[in-house]
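Here is the structure we will look at, set down as structure tokens.
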There are 2 protein chains.
Amino acid sequence: MPERPGGRTARVRASVLRAAGDLLVESGFARLDLGDLARRAEVGKTTVYRRWGSVTAVVTDMLLEMAVESVPRADTGSLLGDLRANARLVVRTLTDRRQGPLFKAMLAAATSDVDTAEALKRFYATRIAEWAPCVTDAAARGEVPADTDAEEVIRAVSAPLYYRLVTGTGELDDAVADRAAEAAVAAAKAGVFRRGEHALD
Amino acid sequence: MPERPGGRTARVRASVLRAAGDLLVESGFARLDLGDLARRAEVGKTTVYRRWGSVTAVVTDMLLEMAVESVPRADTGSLLGDLRANARLVVRTLTDRRQGPLFKAMLAAATSDVDTAEALKRFYATRIAEWAPCVTDAAARGEVPADTDAEEVIRAVSAPLYYRLVTGTGELDDAVADRAAEAAVAAAKAGVFRRGEHALD
DNA sequence: TCCTTAACGGGACTGTGGTGCCATTAAGGT
DNA sequence: ACCTTAATGGCACCACAGTCCCGTTAAGGA
């Protein structure tokens, strides 16, 4: 029983995912209709319902697609420089005319579907792991304690930005990005993100 | 033309909002059907559609209801103590069997409806303002710079917790809460959250 | 090149989420 | 106590998202 993911099938998938992105940006997650999606992608309605079957499944597939393409981490020579680059990248992504609504849709989809939630978790785990070396390098340079939890630091940079995105409180610009990076560095240097038990000063 | 929000109307609203909470906890935001909601609340389907008209509108009304009841801030005598209390409260809320799914539903609803987003923003703005005095008091005690942005510090405490909630990366327990509080304090003491322009060290 | 069959597409169908209509109930003022 | 009318509830109705069926297309192996 031969598999056949090539040619037409791949073309259909690409067309549907691209159209889904367009519709999510235009109308948002809640108003995304699979009938519209099929028409927009110039693909049979039956095909969309058979291969994906639900809006969340389409979003999940988009996430798997996005997880493939990796974003190279920065290497400015200082932890603050690297994290600032990371924070600005995140802000640029979340405020991007196209990617912003896309990320919001994905977060929304993940709250109501376990498969999407799992895909989202993997996506972020991957992204975080890609940037963690910034912190381990900084630890090697002696900028932060050697037993600093690198991934925890990366999460600390993104956290204030996503908090603003989902709660709507506060702006989302480069100034906020810089502050997020500075806060993460200050906390890391103070030893807040050291692994395991440690006394508080 | 007399208004009449009392008696039966209020009873219907209370019944619907309570039922909505139950259904959101049981089935989640995406599967909430207004027909089911009406039956569960023992209220006419027409009434639900006339007064609210959409799932997001019901969620928005729940948010307005929740915004009324205020949560008293802590006053332990130290900034770290206060923020730790705040962080643990947030974690307890987000991991609560009932409130957790409720908050997820509200965040999801806010991404697809501007009215809900506005209500959510007001809700958090209120909560943040209630806890801001912890920081201004600490500034008065000299724990942090006098020109520290109090609300920014409070946001910094919640941010890592909400980041975990929406991305699914990492645990959500008291240890994380404590680290969030410690990180915010460390950054605040380092002057990261001072208002206006300031040089980086 | 040919053959098998996985995958797609069109069109008819249906279950149900959402609306319109109107009689009934009960706030709230006098 | 009575009257006005805002608000509710039941029922019939409708539009359309999602399913089914079946003929058609084109991967991919021999």
Side-chain angles (χ1 to χ4, degrees), chain A residues 1-24 26-62 64-65 105 108-109 112-113 115-116, chain B residues 1-24 26-62 64-65 105 108-109 112-113 115-116:
Chain A
M1 51 196 84
E3 303 281 318
R4 45 175 87 170
R8 184 166 63 163
T9 295
R11 212 155 46 240
V12 165
R13 177 169 181 250
S15 179
V16 167
L17 293 189
R18 183 158 24 81
D22 294 343
L23 287 174
L24 282 177
E26 290 173 19
S27 320
F29 169 69
R31 302 180 220 319
L32 180 54
D33 175 75
L34 295 191
D36 297 341
L37 176 57
R39 212 173 315 115
R40 181 68 156 262
E42 294 178 310
V43 156
K45 192 173 77 162
T46 312
T47 300
V48 174
Y49 276 100
R50 186 177 25 232
R51 283 192 58 180
W52 290 278
S54 71
V55 177
T56 53
V58 174
V59 173
T60 303
D61 204 14
M62 294 180 70
L64 296 177
E65 181 72 18
S112 59
D113 183 86
D115 291 333
T116 309
Chain B
M1 50 195 81
E3 305 281 318
R4 46 175 85 171
R8 184 168 59 164
T9 296
R11 213 156 44 241
V12 165
R13 177 168 182 249
S15 179
V16 167
L17 293 189
R18 183 156 25 80
D22 294 343
L23 286 175
L24 282 177
E26 290 172 19
S27 320
F29 169 68
R31 302 181 218 319
L32 181 52
D33 174 75
L34 294 191
D36 297 342
L37 176 57
R39 213 173 313 116
R40 180 69 157 260
E42 295 178 310
V43 157
K45 191 173 77 162
T46 313
T47 300
V48 174
Y49 275 100
R50 184 174 30 230
R51 284 191 58 180
W52 289 278
S54 70
V55 177
T56 54
V58 174
V59 173
T60 303
D61 204 15
M62 294 179 71
L64 296 177
E65 181 74 18
S112 59
D113 183 87
D115 291 332
T116 309

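Owing to the predicted nature of the structure, the values given are computational and were not obtained by experimental measurement. Quick note: numbers below take in every heavy atom, side chains included, and nothing from hydrogens, waters or symmetry partners. In the text below, chain A, chain B and the rest are named by the order of the sequence lines, each starting its count at 1.
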Query raised in the report: Is the distance from OP1 or OP2 of dG18(D) to the nearest side-chain N or O of Tyr49(A) less than 4.0 Å?
Result: yes
**Report entry** Residue closer to the 5' end of DNA chain D, Thr47(B) versus Leu34(A) (nearest nucleotide)
**Finding:** Thr47(B)
Report task. Take Arg50(B) and Lys45(B), find for each the nucleotide of DNA chain C with the closest heavy atom, and name the residue whose nucleotide sits nearer the 5' end. Result -> Lys45(B)
Report summary line: Side-chain contact check for Val12(A): nearest option of dG9(D), dC8(C), dG18(C) is dC8(C)
Query raised in the report: Separation of Asp33(B) atom CG from dA17(D) atom P, in whole Å?
Result: 16 Å
**Report entry** Shortest side-chain distance from Arg11(B), nucleotide among dA27(C), dG9(D), dA27(D)
**Finding:** dA27(C)
Query raised in the report: Can you name the nearest heavy-atom pair linking Val48(A) to Ala38(A), along with the distance?
Result: CG2-CB, 3.8 Å
Requested in this report: Report the C-alpha distance between Val58(B) and Leu34(B) in whole Å, list the side-chain angles of each, state the deciding distance to 0.1 Å, and finish with yes or no for side-chain contact (heavy atoms from CB on, under 4.5 Å).
Outcome: CA-CA 9 Å; Val58(B) 174; Leu34(B) 294 191; 4.3 Å; yes
**Report entry** Worked verdict on Trp52(B) versus Val16(B) for side-chain contact (heavy atoms from CB on, under 4.5 Å)
**Finding:** CA-CA 10 Å; Trp52(B) 289 278; Val16(B) 167; 3.8 Å; yes
Report task. Would you mind reading off the distance between Arg39(A) atom CZ and dG9(C) atom C1', rounded to a whole angstrom? Result -> 15 Å
Query raised in the report: Among Arg18(A), Arg13(A), Arg51(A), which one satisfies salt bridge (Lys or Arg N to Asp or Glu O under 4.0 Å) with Asp61(A)?
Result: Arg13(A)
Report task. Could you check if a side-chain atom of Thr56(A) sits within less than 4.5 angstrom of a side-chain atom of Asp115(A), using non-hydrogen atoms only? Result -> no
Report summary line: Among the nucleotides dA26(D), dA27(C), dG11(C), whichever has the atom closest to the side chain of Arg8(B) is dA27(C)
**Report entry** Check: dG18(D) base within 3.5 Å donor-acceptor of Ser54(A) side chain
**Finding:** no
Query raised in the report: Roughly how far apart are Asp22(B) CG and Leu17(B) CG, rounded to 0.5 Å?
Result: 11.0 Å
Query raised in the report: the helix from dT1(C)-dA30(D) to dT30(C)-dA1(D): angle between its terminal axes, five pairs each, to 10°?
Result: 50°
Report summary line: Tightest non-hydrogen contact, residues Asp36(B) and Leu23(B), listed as C-CD1, 4.1 Å
Query - Side chain of Thr9(B) (C-beta onward), nearest among dA17(D), dT8(D), dA27(C) - result: dT8(D)
Query raised in the report: Below 4.0 angstrom from OP1 or OP2 of dC8(C), is there any side-chain N or O of Arg13(A)?
Result: no
Query raised in the report: Just checking Arg51(A): base, sugar-phosphate only, or nothing, at a heavy-atom cut-off of under 4.0 Å?
Result: sugar-phosphate
Query raised in the report: Rounded to the nearest Å, what distance is computed from the CG atom of residue Leu37(A) to the P atom of nucleotide dA17(D)?
Result: 13 Å
